Each structure stands twice: as C-alpha cells, then as structure tokens.
S.K.: 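To start, I am sharing the structure in question, which I have written as structure tokens.
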There are 2 protein chains.
Amino acid sequence: MDLDARKLGILKAIIDEYILSASPVGSRAISKHEGFNLSSATIRNEMADLEELGYLAQPHTSAGRIPSDKAYRLYVDQMMQKAALSDDEIKIIRAHMSEKLDEVEAVMKHTAQALSAVTNYTAMVLPPMLAANRLRHIQLVPLREGRALVVVVTTAGFARDAVIRVPEDMSSDELERISRILTERFYDCRMDHIGERVASEMGGELYERKAFLCSVVEAIERKIEPETPNVQLSGATNMLHYPEYSDMNKAKTFLAAVEGRSMLYEMLKRASKLEFTITIGNENEDEMFKDCSIVTATYQIGDEPLGSFGIIGPTRMNYGKVMSVLEYMRRSLSELLSSELNDE
Amino acid sequence: MDLDARKLGILKAIIDEYILSASPVGSRAISKHEGFNLSSATIRNEMADLEELGYLAQPHTSAGRIPSDKAYRLYVDQMMQKAALSDDEIKIIRAHMSEKLDEVEAVMKHTAQALSAVTNYTAMVLPPMLAANRLRHIQLVPLREGRALVVVVTTAGFARDAVIRVPEDMSSDELERISRILTERFYDCRMDHIGERVASEMGGELYERKAFLCSVVEAIERKIEPETPNVQLSGATNMLHYPEYSDMNKAKTFLAAVEGRSMLYEMLKRASKLEFTITIGNENEDEMFKDCSIVTATYQIGDEPLGSFGIIGPTRMNYGKVMSVLEYMRRSLSELLSSELNDE
DNA sequence: ATTAGCACTCTGAATTGGCGAGTGCTAACC
DNA sequence: GGTTAGCACTCGCCAATTCAGAGTGCTAAT
C-alpha cells in the first residue's frame, strides 16, 4: 500500500498547494505544476487512487481534493523540507528577545510573542518546571500578624513566593534563623526532593518547629508544579485570519478553549518529555483541536529539560517553517536561560 | 434642554429595553410597556423629540431607535438603579476567590476570572503598583558567574525579583552583608523613594560599591511600575456572544487590541486615580473602544490605592449590574489583600 | 394633547438562475 | 498499457429578485 514516486510527488504538490491556498486543489492546477508533464486527466486518475487510499478527501463532488490527516502525517514524516529562516524572520525573533529581560516570566512572555509573530499561528509557552532545579536560597520574611512570605530561589535564578501562616510566638529573629538553617541544610538539593529530605531530617534543632516547617515545605512544593497553569499564550487571534476560522462558532470555541489555558498546560506537560512533537488533527485527544495541528519543543538548561513551548495552527500549517522556528527558538531559549538573562 | 419627566421615563424604558435586546426599539414596544398609557403615535412624537435632542439615533428610516452615548451618560448619571447581586452571582464570585491563593499573581488572575464569569463581559485587572508599598526585605542571592538575583519583599507581601550583574570580585558573603545593610537601612521606606534615599546616603561603608548599588536600585525601580504590562485579562471571548461583535472584523480588531494589553494598562493606570470610572463609547480616547464602555474601580490596602480593575463591554452593557459587581469586588479584593491571602 | 389610520421605507430572509471550477467516464492515441 | 482529449454532469457560490414584517412620519379626527 505504499505509494510510487509519482503518487508521492503529486501528493506533495497537492499538500504544498493546499497549505498555501486553503482551498481544494484541482487536477488542472497540479498538471500545470512544474516538474510533472502530465495532463489533468492523468492527475485525476492518480488523485482518485490517492483518495481511495485515504490520503485525499473531497469536500463534495466537483470540488478539488484536500489532504487528509493521514496525508499530513506522511508529509511530515517523509517529504517535508525544513524551511531555513529568512533574515527577516530572525530579525523579528531577535527584536522580541533582545529586550531587557531580567525575569523569567518576561522571557516566557516574549518567547510566546516572538513565536506567534514569526509564525502567524498561536503560540504557547510552559514556564520552567522547577522540579529539576536546585535550591539556592530560602528566605522567610515576616509580614503582618501571623504571616510571612516564603521566598525560594533556585540555581537557575527562578524565584517563587508564597504567603504562609506563622505561629504567633515566633519572632522575626527566629524566622531569620530558620531561613539560614534551611538554606544551609538544603543548599543544592533538587527542588522536588526537599519534601522527603525535610521529613527525614526533621530532628535536632528544628524538631520543635515541625508543624511550621511542614507548612513551609508544603508551600514550596506547591510552587514546583504550578497548579494554576501559568501558560503564556500569544497570537490566539492570529487564527482568525485563516479561512478555517471564518466561521464564527469555530472561532469562538477555539478561542474559549485556548483562553482556559488548562488544556494547553496538559498538552505541554505531556509534550515536555520529548524534544519535539507533532500532533496532527485527529491525533489530538481533545475534541477541540481535531482540526488543528500542534507542534511542540522543549527547552532546557544543560541536559535537564525545563519546560516546553509550541505552536497551534490549522492542520494545513506550514510544518517546515514551524519546525525551523521551533528549533531555532529551542536553541536560543536554552542558551538564554542557561548562560544569562539579558540584564543589559 | 433638560427633559420633562415623561421624556425621561420613555428614554429610560428605551435604554432598558435596548440593553436587553440589542435591537432598535420601536414605539409600539414602549407604548405597551407597563406604566405608560400612551399610544405608539404619541411615543413616536416623543421619540422624534429625543432624537432631535441627541439622545436617540435611528440606524435607518423605518427601524426603531437606539440610545446614543449621550443617552447612556444620562442614564448612568441619573436614572440607573444598581442591581443588587443575586445569591448565584455571589456564589460564582466566591467560587473563584476561595481557592488557595497564596500569591498575588494568583489573586489577580482569579479576580479577573470571577469578574468576567459573573458579568459575561471582558475583565481586566491591574496588579498592585508597588510605589506606595514599604520595603520589608532585600535579598541578593548569588547565582552563577557574575550574576545574582535581587529579591525585594514589601510590607503587603509582594515579592519581585530581577537578575543583575555582580562584579567578579564580590564574594557571596559580601552579597549577604549588603543585603542585610540594605534591608536595615531602607526598612519601611516607600518603594518609590528608595532611589533618592540611596543616592543621598551612599556614603560610609557602601561608598566603594556605588556602581553596584546603583544597578541594584535600578533593578528594583524597574519592578515598581512594571514596564511589561502585566495586566490580567479574562473573558475576552465573551464579547463574541454579543451581536455587536457578530461582525468578524470588529471581533478581530477588538480581540487583537485587547490581547496587546498595553492599551488596557494605560487605561487602568489612568483610572486608578479614581475610586470608580465609567467611560462610555466615544468618551474613550482609543479609537478601538469607541463602541465599548469601560467601567473601572480601584482596590486598596488601607487608604492607599494599589491598583485597579475593570470591565469592558458593549456600550449597551448592564451598567447597574456591573457597578454592583465592581463595588462588591472592590471590597472583597481590598479585604483579601490587606488582611490576608487565603493560605487555607 | 392624543390617537387612529395610512402610505411609505427599509431590512433581512428566502428563492432563483446562471457561472465556473472540477470531476468521472469514454474513446481515441502513441 | 499508459496517457490524453473531450464531454456531460455536479455542485457551490454569487448576484439579482422577491416578499413579508417592522417601524416610521404625517394627517385628520377625537
């Protein structure tokens, strides 16, 4: 059931054309395509075959053919050529990323913006998951009556904070003391191991403050994997430019789904196990995205994957371009995060 | 040029009706309205007068009338009655706000969600501006070669961080020492005064580190008023439900404008000088929002205004409801922030 | 001052009739 | 046998047309 060279060529031509035009492509268009010297009738025969094999579909008799998800899968796996980024595109990315970025949140936001600006699709970025980071500092800062702010800082320069309760009898000196002890004791400990370590090392001078320490640790653990999905989103409205979403209801459901973030969060989390993923149309589990394709990549510090980001577009997206952009971004984001944040 | 009681009554009836139906209201509908015992012909005469006075407009001959911005202004100033919140609505708000909120960002996000969920319009929230907060703690945490993270914590429990450069010859002990000195020296100093204070008190033991301290202060100052507008947005897609935005292009421009955040940021900043603002249609400076109304309120800790939030909807919005919601939210948000963050 | 009546206007929805793009099939061609 | 020209047919799309309904303004009567 695999295709001969000619069928492949025709299929590729159809897909390329459809990606550009978004409207069913007919036999005539392909027969005029450079390279083939075949009449439209011949192409028609081939197209009928391709349709039988499930690679093409017809919206209705007497329309051209459009590629099926199966066709896109084949295209992505075997015939797509990555499109190198143009100078202009690189300039766009640079413009977004070269601003003064002294905070991780800002980096994430600008990454999303750069991605959506350069691809014209919808971009999403999952901020770093701190699990694999190592602790650098813990600070307890007393606030008003019975409250304090826990601040944790990790090796890579990420800070998280949370308000916690403090026993009434605890002085601010003692909070300072505890901060110092915790920092010392757990310096360079993986963030996701702090919980167990604290549990096992609760003895000694810390024992009497057990309950309090537990609440501190719990607060920290909540921050490792943000429960409030903090996914950065950009260019959701780009989708409205594409004829696929000229139907108001489709547009509405798409935007609503995306605004909720939580689906994106799940997808990105799942995807952060693999360097790249491409999910086409029906391969998506969410009903919502059955006619979208989603391409993701991970970024990392050293070898440790930190988080991921991706592009959502119509199945008819420009896969070649998108892949190149993600590759480029993966590299620059990883560099940016491991070597330095732009403080100048 | 002021209106007699009957004209006022008719105008109010028209506005109330139009707010519900979004379609031009005709004389017949009003004449049937309870309270008036007038025939449609009489109403027509009055409507013609109201039109001449600029309170009504006709989309075209032989359509009903729709209220002008001027009419809404009158409505809001003189005839609107605030609609008390229903139990259901209060429940919705509670549901959003009662989650575990141990971080200011999360509070802001949930506030926006609650607002948009309960009003069905678009909600925006400007996170606290730290200018009026007082410093509680400064911590410099060494990261890799030549970098450190500055963390500042304010009285109200807000934390901000930024990556900065550190002179190569500075030890981590010295960073710790400087943290302690800075915290001590500027404890309880208004955030927006730190700059000048540092400039004037640079003498003594800190003098030799002048350049470094300047960069620390600069980083802190950048965080007081976030340049990356960090406005929380929720329910942008709610607008698509309203017939005003059934036109794709209108919807597109609205969503794009709103996604950019920066306009919202400006508006909210401007609005944060007043407890409440209502801006109707053409009163908006931005071309983009000429057929929206925007209602805002501020929240505060004690008497100090911290930030603001608001609702964007069609000019035909339910002003009474929106005002009540904002009042309610203003109170609960101010309480939440001044007394405690929900850590349980 | 109010109202009934009427002619007039305008929109929006439904219907219709080409036009054009594209197909599938058949018969001829190399 | 693979390829192609030719042709009848299908179907969506667009523009033009029609028609009902809602609403108006005006006038004359109450």
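In what follows, chains are A, B, ... by sequence order, proteins preceding strands, each numbered from 1. Please read all numbers here as calculations on a predicted model, not as lab measurements.
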S.K.: To the nearest Å, give me how far apart CG (B:Asp49) and P (C:dT2) are.
M.R.: 11 Å

S.K.: Salt bridge between B:Lys12 and B:Asp16, side-chain N to carboxylate O under 4.0 Å?
M.R.: yes

S.K.: Figure out the CD1/C1' separation between B:Ile43 and C:dA1, and round it to whole Å.
M.R.: 13 Å

S.K.: Please state how far atom CG in B:Asp247 lies from atom P in C:dG12, giving the value in whole angstrom units.
M.R.: 13 Å

S.K.: Check nucleotides 17-21 of chain C against the protein and report each pair of N or O atoms closer than 3.5 Å, with its distance, or say if there are none.
M.R.:
none

S.K.: Starting at the 5' end of DNA chain C and moving along, which residue's nearest nucleotide shows up first, A:Asn45 or A:Pro24?
M.R.: A:Pro24

S.K.: Do B:Asp77 and B:Arg73 sit within salt-bridge range, that is, some charged N less than 4.0 Å from a carboxylate O?
M.R.: yes

S.K.: Could you tell me the separation between the CZ atom of A:Arg65 and the C1' atom of C:dG22, rounded to a whole number of Å?
M.R.: 9 Å

S.K.: Reckon A:Thr61 touches a base, only the sugar-phosphate, or nothing at all at heavy-atom distances under 4.0 Å?
M.R.: sugar-phosphate

S.K.: What's B:Ser27 touching, base or sugar-phosphate or nothing? Going by heavy atoms closer than 4.0 Å.
M.R.: sugar-phosphate

S.K.: For A:Gln58, give me all partners under side chain to side chain donor-acceptor pair (under 3.5 Å), at least two apart in sequence or on another chain.
M.R.: none

S.K.: Just how far, in rounded Å, is C1' of C:dC8 from CD of B:Gln58?
M.R.: 13 Å

S.K.: In whole angstrom, give the distance that lies between atom CE of B:Met47 and atom C1' of C:dT2.
M.R.: 17 Å

S.K.: If you walk 5' to 3' along DNA chain D, what is the first nucleotide with an atom under 4.0 Å of a heavy atom in chain A, and what is the last?
M.R.: D:dT3 to D:dG12

S.K.: Just one of A:Thr315, A:Asp69, A:Asp291 clears the side-chain hydrogen bond (donor to acceptor under 3.5 Å, both in side chains) bar with A:Asn282, so which one?
M.R.: A:Asp69

S.K.: Does the distance from a Lys or Arg side-chain N to an Asp or Glu carboxylate O, for A:Arg6 and A:Glu46, drop under 4.0 Å?
M.R.: yes

S.K.: Starting at atom CD of A:Glu17, determine the distance to atom P of C:dG22, rounded to an integer number of angstrom.
M.R.: 10 Å

